[in-house]
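As the structure is a computational prediction, the values presented were derived from the model and not from experiment.
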Amino acid sequence: QLQLVESGGGLVQPGGSLRLSCAGSIFTLDYYAVAWFRQAPGKEREGVSCISSRDNKSYYKDSVKGRFTISGDGAKNTVYLEMNSLKPEDTAVYYCAADLKGCTLDPIQYDYWGQGTQVTVSS
């Protein structure tokens, strides 16, 4: 059973940066697509970014393009989300998810989820 563990969340001021990590217990990036989602209080879960080494694709939600960067380290079975120029509207619980079906920002397509890490952007 694949297990995912997120880390790296915290409190940051507007304009600041954070790097989230998603460590997988058994997945290899050669086969799994890995995505980051976020959910703010009272809002639906939304896709932020995904990466797939198998088909060399990555996607970003429009509002994070140019600010967030997703990357993977196959040797460590870890996917990162580098977040720069953070805004208060980026505040949410961030989840990573993995699946064999390919890179998509639709949460319904993912079978494996981490427990989430809180990101708060506030002065």
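Ile70 and Tyr59 fall into different hydrophobic clusters, where Ile, Leu, Val, Met, Phe, Trp and Tyr side chains are chained together by heavy-atom contacts under 4.5 Å. Placement of Leu20 and Val5 in two distinct hydrophobic clusters is found when ILVMFWY residues are connected by side-chain heavy-atom separations under 4.5 Å, directly or transitively.
Looking at heavy atoms from C-beta onward, Trp36 lies in side-chain contact with Glu6 at the 4.5 angstrom threshold. The side-chain heavy atoms of Leu18 and Val119, taken from C-beta on, include a pair separated by under 4.5 Å. When side chains are defined from C-beta on, Lys61 counts as touching Glu46, because their heavy atoms get closer than 4.5 Å. Taking the side chain as every heavy atom from C-beta outward, Val64 and Lys87 never approach each other to under 4.5 Å. Between Thr69 and Leu81 the shortest side-chain heavy-atom distance does not fall below 4.5 Å. Gln39 has its side chain out of reach of Tyr94: every pair of non-hydrogen atoms, C-beta onward, lies at least 4.5 Å apart. In this structure the side chain of Ser58 never reaches within 4.5 angstrom of the side chain of Ser52, judged on heavy atoms. Looking only at side-chain heavy atoms (C-beta outward), Ser122 and Leu11 come within less than 4.5 Å of each other.
Here the closest non-hydrogen pair linking Lys65 and Tyr60 is CE-O, 3.4 Å. Cys22 approaches Val34 most closely through the heavy-atom pair SG-CG1, 4.4 Å. Of all heavy-atom pairs between Gly116 and Val93, the closest is CA-CG1, 3.9 Å. The minimum heavy-atom distance linking Arg67 with Leu86 is given by the pair NH1-CA, 3.9 Å.
Under the 30°/60° scheme for interplanar angles, the aromatic rings of Tyr112 and Tyr32 are found to stand perpendicular.
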Could you pull out every donor-acceptor pair under 3.5 Å between side chains of residues 95-107 and any protein atom, sequence neighbours left out?
unit_1	atom_1	unit_2	atom_2	d
Asp99	OD1	Lys101	NZ	3.3
Asp99	OD1	Asp111	N	2.9
Asp99	OD2	Lys101	N	2.9
Asp99	OD2	Lys101	NZ	2.8
Lys101	NZ	Gln109	O	3.0
Thr104	OG1	Asp106	N	3.1
Asp106	OD1	Ile108	N	3.1

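The aromatic ring centres of Trp113 and Phe37 sit less than 6.0 Å apart.
Of the N and O atoms on the side chains of Tyr80 and Arg19, not one donor lies less than 3.5 Å from an acceptor on the other residue. For the residue pair Asn84/Ser17, the side-chain donor-acceptor check at 3.5 Å is satisfied.
A 6.0 Å sphere centred on CD of Glu89 holds more than 12 heavy atoms belonging to other residues, nucleotides or ligands.
Put simply, the side chain of Ser25 gets close to the backbone of Gln3: a donor and an acceptor are under 3.5 Å apart.
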